[in-house]
Amino acid sequence: MPSTNAIYSGIPTTIFEVMSRLAQQHDAVNLGQGFPDVDGPLSLREYAAEALLNGPNQYPPMPGLPVLRQAVAQSYARFQGVTVDWQSQVIITSGATEALSDCINGLINPGDEVVLLEPLYDCYAPLVERAGGIIKLVRLEPPNWELPVEALRGAFSANTKLVLLNNPMNPAGKMFSRPELEVIVDLCAEHNAFIVADEVYEHLTFDGRAHISILSLPNAQARSVAIGSAGKTFSMTGWKVGTVTGAAQMIEPIAKAHQFTTFTTPPHLQMAVAKGLELPDSYFDAIKADLSTKRDRLAAGLSALNFKVGTCQAAYFLNADFSALPIGETDVEACQAMVRDAKVATVPVSAFYKGSAPPRKFLRFCFCKQDSVLDEAIERLDKWLNNSGPNAAKTG
Ligand code: PMP
Ligand code: GLN
């Protein structure tokens, strides 16, 4: 057997898949991997089904169907007040994951430095390493997730090629403020670096806070692209339709990477996503309201059980400090005990850190689930903690 690629052979299966498999194995309520348990708008599914039956079903244009690229450009005008040219500034990919891969492969050369902010979404570091990039980590910590400006400044050098930013941030639920974004943009301008902003949770924001796209900062526009995901915006994570929008000079090499990665994305889904982006404001308001109610429901349940629940401004996740509970020394231990014994799956927050000594007392709970499912999770945790659970096991 010849040796296989050292980077991919050396890393474990992603924590999201691991926790979903464990959830299945233990018949657990799955608050681990981030996906809604109710599909998005029926009208979009019907439209996609009709397009599948009636076509087109052959290769769409490599950069994406014009109808979707136009809808993406219109949605940046509508939601961000930003004008982009759909022909030179938008491409469609098979999910945000492909978009991230295309951006990294299209923009960096081996030996280039890439600034990544911890907590990191799972694919960032392996993709940068596989492309030969050198990772410079900057750490944000729970529960406040403050951007450490001096550490950020220190991560830049003459070799910095790119900053990869996740805003709103998974798992932190943090939305970067305009001053924070300006610091990042200024540093990138100073060092002539690109910005790739993974903005997949752009529409899942709470408490009246508006998402600030990197494309809305005038000084960022010439050096930035923003990534979107229809899976998140329309609650159909299996659709895998992503978008990359931004500086035309960046889109060109990113499209070259896309043409040799997937080349294109299923046309019926592209057509349905174009329709989705034209949905009225009531759709976009309702998804925010619905998710924030779920956030509050789960937060109340966890707080009553003595988890210390952090704030969540956006996305699908609550991070809870379990230090007051006797459920494990580390988040990995607590997470394993919980899925096995309480039958509730979560994700350890340390899985989002690559550097040494990550935070070890936080679990990520996904709340984009039906109310009955959230309630069942709390009931199971209550029973475990207060009746059968780790206390009983310890004293017994
Ligand atoms: N980026 C972040 C921060 C995510 O949480 C996800 C989750 N799915 C993705 C990218 C990937 O999106 P997609 O499913 O469209 O590939
Ligand atoms: N983004 C999802 C999460 O954070 C997982 C997506 C995946 O498993 N690739 O849980």
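Start at 1 and go down the list; that is how both ligands and their atoms are numbered. Since we're looking at a predicted model, the values are computed, not measured.
- Contacts of ligand 1 (protein heavy-atom distance under 4.0 Å) are G95, A96, T97, Y121, N166, N170, D198, V200, Y201, S229, K232, K240.
- Taking any N or O of D122, backbone or side chain, none lies under 3.5 Å from an N or O belonging to ligand 2.
- No salt bridge links E376 with K369; every basic N to acidic carboxylate O contact stays at or beyond 4.0 Å.
- Ring-plane geometry between F365 and F307 is classed as perpendicular, the angle between the planes exceeding 60 degrees on a 0 to 90 degree scale with a lower cut at 30.
- Remark: distances from the non-hydrogen atoms of E17 to ligand 2 are all 4.0 Å or more.
- Residue contacts with ligand 2: Y121 is included, with a non-hydrogen atom under 4.0 Å away.
- Taking a cutoff of 4.0 Å between a charged side-chain nitrogen and a carboxylate oxygen, R21 and E17 qualify as a salt bridge.
- Ring planes of H191 and F156: tilted class, angle from 30 to 60°.
- Contact of the T93 side chain with the T261 side chain is not registered, since no non-hydrogen atoms from C-beta on lie closer than 4.5 Å.
- Here's the thing with G32: none of its N/O atoms is less than 3.5 angstrom from an N/O atom of ligand 2.
- Neither the backbone nor the side chain of M19 comes within contact range of ligand 2; no heavy atom lies under 4.0 Å.
- Figure legend: K256 and F260 shown without cation-pi pairing, the cationic atom not lying both under 6.0 angstrom from the six-membered ring centre and within 45 degrees of its axis.
- Salt-bridge check for D375 with R297: passed, with a basic side-chain N closer than 4.0 Å to an acidic carboxylate O.
- Ranking protein heavy atoms by distance to atom 8 (O) of ligand 2, first place goes to Q33 NE2, 2.7 Å.
- The closest approach between a heavy atom of F317 and any atom of ligand 2 is below 4.0 Å.
- No salt bridge links K383 with E379; every basic N to acidic carboxylate O contact stays at or beyond 4.0 Å.
- Within the 6.0 Å centre-distance limit, the rings of H203 and F79 are counted as a close aromatic pair.
- Taking the six-membered ring for Trp and the full ring otherwise, F234 and Y283 have centroids separated by under 6.0 Å.
- Not a single heavy atom of F352 lies less than 4.0 angstrom from ligand 2.
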